[in-house]
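Report on the structure given below.
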Amino acid sequence: MPTIRPLFTEAQIAARVTELGLQIRADHGDAAITFIGVLKGSFMFLSDLVRAVPGDATVEFLGVASYHGGTHSSGVVQITQDLRSSIEDRHCVIVEDIVDTGLTIDYLMRMLEVRGPRSLKVASLLDKPDNREVDVRVDYAGFSIPNEFVVGYGLDLGELYRNLPFIGVYEP
Ligand code: 5GP
């Protein structure tokens, strides 16, 4: 029977997301911010994060497939849904669930940079720095974690466990 070993509680996540939201607002003055949620994993973090950012904000989604249901990155980033609006001249924050090898964020940064945003930052709830294959800058990181496979709070394994309100390590 697989078990999920708790890593961060609902309360710990909520407290950290509130801090990140205030920090993002402080860094952008009173400018409008476009949050670009990377589907599907970021949906829960995104919904809590935007509520923690006072002032003007818009929300966009990017559909990305990179894992294909397993626990190891394929290194291939496939765009399954593009943005619906232009980001030209806008302050943007890409919202990810987790940065692991860095391949996905690196690809998305390059893809969005050429569309002429005024600024482009990265917010990721989790960061696994030990597994990095490309050097990427995570401007707003919630928690740094060791190289273990985690689920919950939007993160899945084969589409399951996204609905857990906490984050835990998947132990087969
Ligand atoms: P990267 O391209 O940085 O290697 O991986 C980014 C994506 O891989 C994340 O957005 C996430 O979908 C997936 N991923 C990486 N590590 C984990 C993990 O520990 N758990 C889950 N559920 N997904 C992960």
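Order of listing sets the numbers, starting from 1, for every ligand and every atom in it.
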Yes or no: does Leu157 have any heavy atom under 4.0 Å from an atom of ligand 1? no
Can you tell me if Gly41 has a non-hydrogen atom under 4.0 Å from ligand 1? no
Tyr170 and Tyr161 aromatic ring geometry - parallel, tilted or perpendicular at 30°/60° bounds: tilted
When the ring planes of His28 and His91 are compared, do they come out parallel, tilted or perpendicular, using 30° and 60° as the limits? perpendicular
For atom CG of Asp135, is the number of surrounding heavy atoms from other residues, nucleotides or ligands below 6.0 Å larger than 12? no
From [options] - option closest to [atom] by heavy atom:
atom	options	answer
atom 18 (C) of ligand 1	Tyr153, Tyr107, Tyr161, Phe149	Phe149
atom 3 (O) of ligand 1	Val169, Asp100, Leu108	Asp100
atom 24 (C) of ligand 1	Ile98, Leu39, Val138, Asp127	Ile98

Does this structure show an ion pair linking [X] with [Y], if we count only N-O contacts that are shorter than 4.0 Å?
X	Y	value
Arg16	Glu19	yes
Asp130	Lys128	no
Asp127	Arg132	yes

Based purely on interatomic distance, does Ile105 place a nitrogen or oxygen under 3.5 Å from a nitrogen or oxygen of ligand 1? no
Among all residues two or more places apart in sequence or in another chain, which pass the side-chain contact (heavy atoms from CB on, under 4.5 Å) test with Glu159? Lys40, Asp156, Arg162
Can you list the atoms of ligand 1 that are under 4.0 Å from a heavy atom of [X]?
X	result
Thr104	1 (P), 2 (O), 5 (O), 6 (C)
Lys128	16 (N), 17 (C), 18 (C), 19 (O)
Glu96	10 (O)
Glu148	19 (O)
Asp156	21 (C), 22 (N)

Is there a donor-acceptor contact under 3.5 Å linking the side chains of Ser85 and Glu60? yes
